[in-house]
Amino acid sequence: MKVLGLCSGRKNGNTEIMMKEAFMAIEEKCGAECRLVRIQDTVINTCIGCETCMMNHLKGNWDFRCVHKTGSDHFYFIEQLMREADAIIVSSPAYNLLPTGQLIKFLNKMHASGNYRDVVEKENKIGAAFSIGGTDWTNFTLNVCKMIAMELTGSYDALADAVHFDFVPAKGAILLEDEMMARMHQFGETVAEALLMKEKGETPSYSGLGGVCPDCHGNLLEIRPDGVYCPQCLTKAKISIVDGQLVAEFTEEERAKNRWSVWGKRLHDDNIRKGHKKATDGRAQITEAMKKYVEYERAVKLPEITTE
């Protein structure tokens, strides 16, 4: 068994120390081989939004990857490690309420991963996520890390554990927090137990931080004109006040239509197809109308970057 940890914190910083504590527990409990990728040290080409990979995949051409060729950055090296892994752990410190930008860049490239999503949807890997913040300005960090873990492992059903800690700002300061380090050891044991269960053909259950959504376990709600939704799953909730507490209920009917379900993914693909068909049919009109905006040039000239 192999476990891959994607760590977007500093080298030997709090996030990496936490990952290594989890690794030690995994190795002790199930003997899995653990490997760490320092995301902050990687070169990841920025997705330019050309949609070439998406259009090829919608046509069934899974051999096509990206206009940025294999070998031009570290993406496909990491993707190969993910293909080989039985479990993937995603982690990040909080930067301005969110995970690091480099981790988001990596996520943005996942459309260029060929048939990777199709593979993991048929055979889910075990997923887990954790995050840490120097203060409590961390609201979206764990939610996004969990979402990335789902993307890389195929399903929220594959998520075994997730945990977040606040108020640990200094490098190495996590080592002063015995309870937090003990929780990370337990985190590793949970991942190991999930791997052992999967090996036996059993389905692991989620044992991490709870949330309002029963699928992604997120703690966020989004108010829309037609109701209240989980912003990650786009599952509609019924909201009520019980004993002064806000309660969100998600019916099985609504959960079957969340964006990660078969229904939701088909809807997503169909909407992309419709959008591209409309653009193709209206290409002449777009080309003519575009001239006005191409000629309206207001972009500043960027200075050259020096490395000295």
Flag yes if more than 12 heavy atoms outside [X] fall under 6.0 Å of its [atom1] atom; otherwise flag no.
X    : atom1 : result
F77  : CZ    : no
D243 : CG    : no
I223 : CD1   : no
E202 : CD    : yes
K238 : NZ    : no
N96  : CG    : no

Do [X] and [Y] belong to the same hydrophobic cluster, where Ile, Leu, Val, Met, Phe, Trp and Tyr are linked whenever their side-chain heavy atoms lie under 4.5 Å apart, directly or via other members?
X    : Y    : result
I88  : L196 : no
L103 : I132 : no
L175 : L36  : yes
V3   : M1   : yes
F106 : I104 : yes

Open item on the list: Check K29 with E193, please: is the shortest side-chain N to carboxylate O separation under 4.0 Å?
Closed with: yes
Open item on the list: Closer than 4.0 angstrom, basic N to acidic O: yes or no for E84 and R35?
Closed with: yes
Task: Contacts of type salt bridge (charged side-chain N to carboxylate O under 4.0 Å, His left out), residue D157, not counting sequence neighbours - done: none
- [ ] Please lay out, stage by stage, how N12 and K20 fare under the test side-chain hydrogen bond (donor to acceptor under 3.5 Å, both in side chains).
- [x] CA-CA 9 Å; N12 293 321; K20 289 177 177 178; 3.2 Å; yes
Could you go through residues 139-152 and list every donor-acceptor pair under 3.5 Å that involves a side-chain atom there, pairing it with any protein atom two or more places apart or in another chain?
from: T141; atom 1: OG1; to: L97; atom 2: O; distance (Å): 3.1
from: T141; atom 1: OG1; to: T138; atom 2: O; distance (Å): 3.1
from: N143; atom 1: OD1; to: N219; atom 2: N; distance (Å): 3.4
from: N143; atom 1: ND2; to: N139; atom 2: O; distance (Å): 3.3
from: N143; atom 1: ND2; to: N219; atom 2: OD1; distance (Å): 2.9
from: K146; atom 1: NZ; to: C216; atom 2: O; distance (Å): 3.4
from: K146; atom 1: NZ; to: H217; atom 2: O; distance (Å): 2.8
from: E151; atom 1: OE1; to: R117; atom 2: NE; distance (Å): 3.1
from: E151; atom 1: OE1; to: R117; atom 2: NH2; distance (Å): 2.4

Task: The single option from H185, E179, Q186, M180 passing side chain to side chain contact (heavy atoms under 4.5 Å, CB included) against R183 - done: Q186
Listed pairs under 3.5 Å, donor-acceptor, residues 272-279 side chains, sequence neighbours left out:
from: R273; atom 1: NH1; to: D270; atom 2: OD1; distance (Å): 3.3
from: H276; atom 1: NE2; to: E51; atom 2: OE1; distance (Å): 2.5
from: K277; atom 1: NZ; to: D281; atom 2: OD2; distance (Å): 2.8

